[in-house]
Amino acid sequence: MNSVQYVLGIESTAHTFGCGIASSEGKILSNVKSEYIPTSGGIHPREASQHHASKAAGTIAVALNEAGLRIGDITAVAFSAGPGLGPCLRTGATVARTVSLIRKCPLVPVNHCVAHIEVGRLVTGEDDPLVVYVSGGNTIISAYSGGRYRVFGETLDIALGNCLDTFARHLGLSHPGVPKLEQLADEGRRFIPLPYVVKGQDVSYSGLLTMASRLAGECDRRDLSLSLLEVAYGMVAEVTERAIAQTEKGALLLTGGVARSKRLQRALSFICSDHSARFHVVPPDLAGDNGGMIAWTGYLGLREGMSVPVESSYVNPNWRLDEVEVLWRR
Amino acid sequence: MAEMRLLKKGAEAELYLTEWMGLEAILKRRVKKGYRNPDLDLHIRGTRTSNEAKLLSEARRLGVPTPIVYSVDKRDCEILMSYIDAPPLKMLVGGMGSADLARTFLRVGEMVGRLHKGGIVHGDLTTSNIIPYSGLLYLIDFGLGEHTSDVESRGVDIHLMRRALESSHHEVSSAAYLSFIEGYQYIMGSLSELVLRRVDAIRRRGRYVDVSQRKEG
């Protein structure tokens with residue numbers, strides 16, 4: 001057997017069907033994605049899963065091609081087993097099981113949130129950062145302690161990205177809405193008071209979304225966009241600052257689909273310089289949902305014997321970050 | 001002006017050790033945050049300062065030990081209060097035996113019960129905000145507190161305590177939480193039932209939970 005291992009990673013928790021290949025040397029050799037974009041409204045789980053099923057074979061072929069590998073070179077398959085939307089997860093798992101059976105190679109279930117953290121650690125070289133993970137489905141502030149990624153703060157209702165996307169649609173902005181919201185906000189002048197809800201180390205976005213949507217017809221949309229972003233990012237920045245003060249970690253890692261927001265980056269880098277912590281933003285192709293992070297985390301799990309037989313390779317739509325034993329960091 | 005020595009630079013405020021009428025005192029100053037909109041920043045600091053000053057006094061009237069407020073400066077967002085010279089509970093949990101742990105968290109639960117029963121939620125219950133001193137448990141940091149008897153707000157309060165235990169004291173979090181709940185139920189009586197059911201609902205809501213905890217919606 002070749003001494004270098006190649007792990008194929010399948011991501012399919014929500015919009016994105018992703019396929020990436022990671023080597024045991026810590027390189028992401030390819031990272032290909034195909035995104036389901038709803039014609040109107042938010043994500044429809046069944047339609048998304050149908051999209052994933054139709055794009056799976058092609059995406060895998062491109063990923064192999066870009067990595068300069070053949071399917072015969074793959075030594076293990078990893079897949080996002082949760083958290084995420086059930087139909088989407090099951091499609092990805094089916095694809096992964098098929099590859100595993102054809103190749104007769106190990107199958108490794110990976111926690112999607114853990115994968116975001118692990119690929120961030122890999123590309124930034126930070127061993128033990130505080131992680132701010134903000135996306136359409138997750139708003140989590142986490143740090144490693146005692147064998148697991150502990151949750152120091154999170155949303156009590158909807159995710160940051162969900163709040164911003166929904167409001168952008170409310171203003172009639174097309175997908176992706178957040179960059180357009182930021183452009184509008186750059187022209188905003190007047191701050192409009194909106195519900196700022198921090199409870200302990202947690203945040204809540206549902207009241208903010210309701211209030212901002214209600215004001216959409218009455219206020220200048222530039223001012224409203226500015227105010228919404230200031231409040232939404234201000235809340236996550238505040239709980240991040242509390243977590244960094246509490247955990248005393250020397251670095252902060254920003255990841256997830258909302259990580260590309262320049263405004264949020266500015267706020268968090270400000271906090272980092274105040275607390276003498278290094279600030280890193282995971283590059284967009286690895287910060288958004290992707291197969292590369294699943295492949296790399298799959299490799300880490302494989303080393304610890306975390307593969308499972310096909311018969312018991314269940315998905316878990318509600319798999320919490322802090323349930324996973326992070327054996328490779330013991 | 002009495003001499004001031006920076007004691008602690010927290011996430012939200014700076015704490016200075018100073019003097020008031022010959023007594024040791026703490027000046028808590030909510031500092032400006034450069035990362036947020038100036039209007040929003042001033043609003044947050046102002047409301048939290050006056051909120052905290054009020055609730056510190058009201059909590060004490062309910063039998064919950066808190067620092068004594070000497071003066072409030074709303075413009076500079078400062079509170080001058082009595083100094084409790086002892087480490088927070090967070091530093092002590094690790095060294096506690098199981099009996100001591102159970103006794104302490106039973107009392108923490110009773111304290112929170114008294115607060116809730118009196119119509120106040122704290123909004124930021126953590127072991128960093130509880131200071132054991134001369135046989136009493138002092139509760140501090142009321143900036144996120146509010147006047148309410150809502151089941152939801154009470155539930156969030158308990159939920160925050162539980163999560164603080166899980167993230168900062170995971171080795172003993174289950175035992176500590178059980179004692180905490182026992183004390184809370186002792187004070188709240190039948191009122192606690194709805195609150196504790198809501199705590200489970202909050203845990204399930206909008207966040208990913210272990211399927212085994214996912215009972216009836």
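Because the structure is a prediction, the values reported are computed rather than measured. Numbered from 1 within each chain, the chains take letters A, B, ... in sequence-line order.
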Value rounded to 0.5 Å, distance of CD in Glu238(A) from NZ in Lys33(B): 8.5 Å
Spacing of Leu40(B) atom CG and Tyr196(A) atom OH [to the nearest 0.5 Å]: 6.0 Å
Options Ser227(A), Ala143(A), Gly82(A), Ser145(A), ranked by heavy-atom pairs under 4.5 Å with chain B, top entry: Ser145(A)
Nearest-0.5 Å distance, CG of residue Asp202(A) to CD1 of residue Ile202(B): 10.0 Å
Side-chain donor-acceptor contact under 3.5 Å, Gln201(A) with Ser167(B): no
Interchain contact, Ala267(A) with chain B, by part (heavy-atom threshold 4.5 Å): both
Working for side chain to side chain contact (heavy atoms under 4.5 Å, CB included), residues Arg48(B) and Val198(A): CA-CA 12 Å; Arg48(B) 287 190 187 164; Val198(A) 168; 4.1 Å; yes
Selection from Gln246(A), Arg266(A), Arg263(A) maximising heavy-atom pairs under 4.5 Å formed with chain B: Gln246(A)
Evaluation steps, side chain to side chain contact (heavy atoms under 4.5 Å, CB included), between His170(B) and Arg150(A): CA-CA 9 Å; His170(B) 47 82; Arg150(A) 309 282 168 184; 3.4 Å; yes
From CG (Leu229(A)) to CG (Asn37(B)), nearest 0.5 Å: 11.5 Å
Any side-chain heavy-atom pair of His159(B) and Leu156(A) under 4.5 Å: yes
Step-by-step side chain to side chain contact (heavy atoms under 4.5 Å, CB included) determination, Tyr35(B) to Glu230(A): CA-CA 9 Å; Tyr35(B) 60 80; Glu230(A) 278 297 323; over 6 Å; no
Heavy atoms of other groups near Arg75(B) CZ, more than 12 under 6.0 Å: no
Pair Thr126(B)-Arg242(A), side chain to side chain contact (heavy atoms under 4.5 Å, CB included): steps then yes or no: CA-CA 12 Å; Thr126(B) 66; Arg242(A) 304 187 62 176; 5.5 Å; no
Residue pair Arg163(B) / Phe152(A): nearest heavy atoms and the distance that separates them: NH2-O, 3.4 Å
Distance (rounded to the nearest 0.5 Å) between Lys199(A) NZ and Glu146(B) CD: 6.0 Å
